[in-house]
> 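Sharing a structure here in structure tokens format.
The model shown is predicted, which means the values in this text are computed figures rather than measured ones.
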Amino acid sequence: MQDPIQRTHSTTDELSHTADIGHTTPSNKYWLYGPTTWSTSYTWTAAENWYWFAKKHSKRTKILDNVWKMAKSDVLQADWGRDKDIDHTMIVTKKYRGTLYLTYHTSDTHNKSLKKLLSDHPRAWWYAHRT
């Protein structure tokens with residue numbers, strides 16, 4: 001059984017580390033979401049908490065007024081249901097010929113284009129963070 005403190009530290013550390021240097025390789029197989037309830041970290045269910053930490057407390061991020069202004073290592077969050085509760089966090093891992101690509105743990109998605117992401121979720125509210 002994985003130590004709960006290590007689990008939480010690992011997830012939080014990976015997002016911070018990724019945002020800081022643009023690194024996308026998780027340090028262990030339980031990055032963000034484990035195979036069971038006890039191995040899933042608090043921060044996986046706490047995208048909303050990361051938003052408030054980033055916006056109000058860290059003083060290391062800036063909210064962007066448009067998702068197209070993001071750059072590599074920036075963070076994009078989604079409120080799928082428009083219920084004012086942020087559900088998901090993604091990281092810009094690539095920019096190629098003006099196209100942004102995001103990586104996130106759901107379905108182990110790597111380098112999905114922002115254009116495709118927006119078209120797949122036309123009703124979502126988006127929150128972009130400059131890291």
Side-chain angles (χ1 to χ4, degrees):
M1 183 162 128
Q2 191 177 12
D3 179 344
I5 294 171
Q6 180 184 4
R7 230 179 30 242
T8 301
H9 169 74
S10 177
T11 302
T12 304
D13 184 58
E14 289 299 336
L15 182 54
S16 297
H17 185 66
T18 302
D20 190 36
I21 64 168
H23 191 281
T24 61
T25 305
S27 61
N28 67 52
K29 68 180 180 174
Y30 296 104
W31 179 62
L32 295 180
Y33 190 77
T36 63
T37 303
W38 60 264
S39 65
T40 300
S41 74
Y42 173 73
T43 52
W44 171 258
T45 61
E48 178 83 13
N49 292 349
W50 191 89
Y51 171 86
W52 289 111
F53 171 77
K55 182 178 177 181
K56 288 187 143 187
H57 304 292
S58 77
K59 302 198 182 349
R60 293 184 58 211
T61 65
K62 174 186 172 189
I63 302 296
L64 299 174
D65 63 359
N66 189 306
V67 298
W68 296 105
K69 292 181 180 179
M70 290 189 304
K72 190 173 178 184
S73 298
D74 285 345
V75 172
L76 180 63
Q77 295 189 289
D79 175 356
W80 304 130
R82 291 188 171 194
D83 57 3
K84 298 181 182 175
D85 185 23
I86 295 173
D87 305 297
H88 196 58
T89 301
M90 298 152 275
I91 299 168
V92 178
T93 49
K94 179 179 172 182
K95 185 173 185 177
Y96 180 71
R97 295 186 179 175
T99 300
L100 296 168
Y101 294 87
L102 294 104
T103 296
Y104 48 97
H105 194 68
T106 303
S107 304
D108 292 327
T109 302
H110 182 247
N111 288 338
K112 183 171 187 172
S113 77
L114 177 60
K115 184 176 180 180
K116 176 72 171 140
L117 187 64
L118 297 176
S119 71
D120 286 351
H121 304 281
R123 293 199 25 81
W125 284 340
W126 302 99
Y127 302 90
H129 304 262
R130 169 65 34 85
T131 61

> Would a hydrophobic clustering, with Ile, Leu, Val, Met, Phe, Trp and Tyr connected at side-chain separations under 4.5 Å, put Tyr101 with Val92?
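Tyr101 and Val92: separate clusters.
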
> At what distance, to the nearest 0.5 angstrom, does OG1 of Thr109 lie from NZ of Lys116?
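The OG1 atom of Thr109 sits 11.0 Å away from the NZ atom of Lys116.
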
> One pair to check against side-chain contact (heavy atoms from CB on, under 4.5 Å): Lys115 and Thr99. What are the steps and the verdict?
CA-CA 8 Å; Lys115 184 176 180 180; Thr99 300; 5.7 Å; no

> Yes or no on side-chain contact (heavy atoms from CB on, under 4.5 Å) for Leu102 and Leu114, after CA distance, side-chain angles and deciding distance?
CA-CA 7 Å; Leu102 294 104; Leu114 177 60; 3.9 Å; yes

> Taking the side chain from Asp79 and the backbone from Lys84, do they hold a donor-acceptor pair closer than 3.5 Å?
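Pair found, side chain donor or acceptor close to backbone of Lys84.
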
> Nearest 0.5 angstrom please: His57 NE2 to Lys55 NZ, how far?
11.0 Å

> Could you check whether any side-chain heavy atom of Leu118 comes within less than 4.5 Å of a side-chain heavy atom of Trp68, counting everything from C-beta outward?
yes

> Decide yes or no for Met90 and Thr103: does some side-chain heavy atom of the first lie under 4.5 Å from some side-chain heavy atom of the second?
no

> Kindly give the heavy-atom pair with the smallest separation between Ala54 and His129, and that separation in Å.
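For Ala54 and His129, the tightest heavy-atom pair comes out as CB-ND1, 4.0 Å.
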
> Does Thr131 form a side-chain contact (heavy atoms from CB on, under 4.5 Å) with Ile91? I'd like the steps, not just the answer.
CA-CA 10 Å; Thr131 61; Ile91 299 168; over 6 Å; no

> Under 4.5 Å between any side-chain heavy atoms of Leu100 and Asp74, yes or no?
no

> Do other residues, nucleotides or ligands put more than 12 heavy atoms under 6.0 Å from the CZ atom of Arg82?
yes

> Closest approach of Leu117 and Trp126, non-hydrogen atoms and distance?
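Answer, listing the atom of Leu117 first, then Trp126: CG-CH2, 3.8 Å.
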
> Tell me which one of Tyr104, Trp50, Tyr127 satisfies ring pair (Phe, Tyr, Trp, His ring centres under 6.0 Å) with His88.
Tyr104

> Between Ile63 and Tyr51, is there a side-chain heavy-atom distance shorter than 4.5 Å?
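Contact flag for Tyr51/Ile63 side chains = yes.
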
> Side chain of Gln77, backbone of Thr89: donor and acceptor closer than 3.5 Å?
no

> Between Tyr96 and Lys94, is there a cation-pi geometry (under 6.0 Å to ring centre, at most 45° from the normal)?
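Yes, cation above the ring, under 6.0 Å and within 45°.
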
